[in-house]
Amino acid sequence: MRGNLTEDFGVGRSPPDCSHIAFSPLPHWRRPRHTNKPGAVSSPADWNLVAVTAASTLESTRLEFNPSAVQRCQFTGNVVLGHFQGHVKASVQRQTHVAGTVAGACPTPPINDHRRRLGKSPQRDARGAKWREHELEGVYDSHLADVWVLDGACVVRCGLVQNCVVGSKATLLNCGIVGSPYDEAPSTFSNGTFVTVGPETGGREVPISAMSNFEDLAQYCCRGTLPRTLAASAEASAAAAVAYGKGCASPYTIVAHGAILRGCTRIERCLIGRHVTIESSVVQDSTVLGHISQPTTVVTSTVEGSVIQSGCAVTQNSIVTNSLMCIGSGVQRHGMLGSSILGSHSFVSEGEVGSSLLGPLVGFHHQALLVAAFWPAGRGNIGYGANVGSNHTGKRNDQEIWPGEGVFYGLGCCIKYPCNMSEAPYTIIASGLSTLPQRVTMPFSLINAVSEMIPGVSPALNEISPGWVLSNNAYTTIRNERKFEKRLGAGQVGGCAPLYTHRTVRGEHVQMMIAATTRLRNLKGKSKITNAAGSPVYTDTDLPGGVGLGKNVLTEGSRVAAIDAYDSCVEYYALKTIWAAVGKFIDPTEVEVFLRSDHDRLTKAELDHSVISLSGLATKAVASAELEYAFALVRERQLVGCRRDFYTLTERLADLATIEAKAIRDSKRKDYKRGDKIIPDYSIIQRSLDDDETVQAADAFAQEIRDSLASKASAHPHAHI
């Protein structure tokens, strides 16, 4: 026994004030008023070590502590109980045992009586209202040691609740151990701890906390590559996370207002926030938070040394260790997340992620491996059996990978480290492919096995088709945008999650395309190898600096097609960005002023990267920077001819949108043509092209541009020329 209860809650330790995370500060307490009236469950001697919260509202209404709400319990040390006035039958009389120096045996009630009052089927209280176990108020069949159980809380059949604060209306049902061990250093609930991402041997350690922002974490990981101002900001955020952890330190486990713990074998050194439900799980040294619009659930899983923000789900025998799960992320179906940071709207199912930073909207739904990845932009996909984790050289596990935004790793591929595709967004790695360590700077590419054996080329090299996703698989880009838009929209309930963009072609991607186009044009005439037909074949050694194609070969036909695809996409992006801004940011008359301005005509169009985020945030500053960049591209490339007016811009955009819609339809038509040859009833069971949502969206946008053009035609002097 720890001695009598004092105002500082024993041995000089005060209950923690975690109101900034969990709930309001703890109320004052008072001694319960004892009664020997018929129906009372305890004698005055039983309550020597027990205090009761003294809420002013309850005192003003002269409500007394309800001793019948404490049944068959064992108290050790200092216990503070709330006012339990809810669904409790006062007519049931059972004696509660309060331990002295040694905990005594707890009497066992008749099983029939226990089921009648605490069974799963609905019961009715004296007022005729239905209630279940989780609707009870009070403490039943549990051992409490140095615990605060606040007003309206429910603790039922818990083996040991120790060094714990149970918030008002919280529920602990059928749990084993809930609380913090004695004589241990105060826990920070993993706030302020460091997560090692990238090389498993260290070098990119980043501190996490319940208030961590994914963009700040990503910037801190690569602060050595950022401008000094951004690097300083990232370091300040990291210092704040460490300080936040120190401020959270407490010797108590905290279960906040309304949280539900059901059937958990062990909840130790944890901070469980509001709107959190944990069932049949083990949670240790962790912070788990929820929000009224985005509750968090942990079911039949294990969480250790981690911070879980609101709207997350850890379910179906999953394991999360030493990690941060950002708002709206999830680990499901035996998924494993270790020493990693998982961005919003990303999910890991069945596979394993280790020492990685994954950005938003990553799809990881199958048995696969991802290790040592720095992937801040996310939006990619890991196919079944993909081995993206060859980080060990035989010497040390000190290698890493930088995937680009939206990269698709096909089924059974094997990616060898180090690898950098951060400048090759939305590239597809074909199924079953094995890639060598490399750096690729060709956006929207396809990396596949070589189509022919080429003399003088290593058989370990693959073939790259830059811009292939734009020219031959346009359907994918629009489908991804629609998919991202739906997921982001569903995750914005309550405005908790960061606002990410759903667009798959943005200013930073266009800059990469322009740089890639320059490299591809410079390749002409520099090939040292030809294929069987005598056509040039290029490798990285043909590029200045030897960077761009990676460990792949490039045919002359793919080089020419890539230049056309990139140029068309740059033009389409610029015109579409300006057209979409009309009515939102600028008027049509302002468009013509910008188009006819000679400002920056002779300078190279540049995107303001100071406002561009690593994770693709959608902000007004980004929208403004992209609009300025689009105008600069139009002026630099003279994309609207000599007239430079809004009608001409819309006219050209209508042509490009129609071409895009046709390309999307043709891209999907290939699947139907191939499917009909292989599956007898393919065209019967598949929806028709006209019913495909992605095709419909492309057609609708092209029609919208044409309708807009028609409405301006009558007023434009050059409309019929």
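Along the sequence shown, residues are numbered consecutively beginning with 1.
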Query - Contacts of type salt bridge (Lys or Arg N to Asp or Glu O under 4.0 Å), residue R506, not counting sequence neighbours - result: E405, E508

Query - Side chain proximity check, P251 to Y182, heavy atoms < 4.5 angstrom - result: no

Report task. Verify whether one side chain among Q284 and E268 offers a donor that lies under 3.5 Å from an acceptor in the other. Result -> yes

Query raised in the report: For T476, which residues count as a side-chain hydrogen bond (donor to acceptor under 3.5 Å, both in side chains) partner, sequence neighbours excluded?
Result: N473

Report summary line: Across all chains, not counting sequence neighbours, the side-chain hydrogen bond (donor to acceptor under 3.5 Å, both in side chains) partners of H275 are none

Query raised in the report: Can any side-chain N or O of S281 pair as donor or acceptor with the backbone N or O of E279 at less than 3.5 Å?
Result: yes

Query - Face-on cation placement of R487 at F484 ring, 6.0 Å and 45° thresholds - result: no

Report task. Hey, could you give me the OG/CG distance between S339 and L324, rounded to the nearest 0.5 Å? Result -> 11.5 Å

Query - Residue list, ring pair (Phe, Tyr, Trp, His ring centres under 6.0 Å) with F374, at least two apart or on another chain - result: W402

Query raised in the report: Between the side chains of N191 and T287, is a donor N or O closer than 3.5 angstrom to an acceptor N or O?
Result: yes

Query - Counterpart residues, side-chain hydrogen bond (donor to acceptor under 3.5 Å, both in side chains), relative to T441 (two or more places apart) - result: R519

Requested in this report: Identify, with sequence neighbours excluded, every residue that meets side-chain hydrogen bond (donor to acceptor under 3.5 Å, both in side chains) alongside E350.
Outcome: R333

Requested in this report: May I ask you to say whether E481 pairs ionically with R503, meaning some side-chain N is under 4.0 Å from a carboxylate O?
Outcome: no

Report task. Using the test salt bridge (Lys or Arg N to Asp or Glu O under 4.0 Å), find all partners of E184 that sit at least two apart in sequence or belong to another chain. Result -> R269

Query - With sequence neighbours excluded, residues passing salt bridge (Lys or Arg N to Asp or Glu O under 4.0 Å) with K551 - result: none

**Report entry** Distance, nearest 0.5 Å, that separates OG1 of T321 from CG of L337
**Finding:** 7.0 Å

Requested in this report: For E200, enumerate each residue passing the salt bridge (Lys or Arg N to Asp or Glu O under 4.0 Å) test, keeping only those at least two apart in sequence or located in another chain.
Outcome: none

**Report entry** Full working for side chain to side chain contact (heavy atoms under 4.5 Å, CB included) between I341 and V206
**Finding:** CA-CA 10 Å; I341 298 171; V206 54; 3.5 Å; yes

Query raised in the report: Say you draw a straight line from CG of D285 to OG of S187; how long is it, rounded to the nearest 0.5 Å?
Result: 5.0 Å

Report task. Apply side chain to side chain contact (heavy atoms under 4.5 Å, CB included) to S613 and list each qualifying residue two or more places apart in sequence or on a separate chain. Result -> E215, S615, L617

Requested in this report: Quick one: which residue pairs count as a side chain to side chain donor-acceptor pair (under 3.5 Å) with a foot in residues 406-422, not counting sequence neighbours?
Outcome: N420-S422

Requested in this report: Give a yes-or-no answer on whether the side chains of H143 and T76 include a donor-acceptor pair shorter than 3.5 Å.
Outcome: yes

Report task. With side chain to side chain contact (heavy atoms under 4.5 Å, CB included) as the test, would you mind laying out the steps for I447 and N552 before giving the verdict? Result -> CA-CA 8 Å; I447 298 179; N552 307 287; 3.5 Å; yes

Requested in this report: Sort and list the pairs that fulfil side chain to side chain donor-acceptor pair (under 3.5 Å) and have at least one residue in residues 360-371, not counting sequence neighbours.
Outcome: none

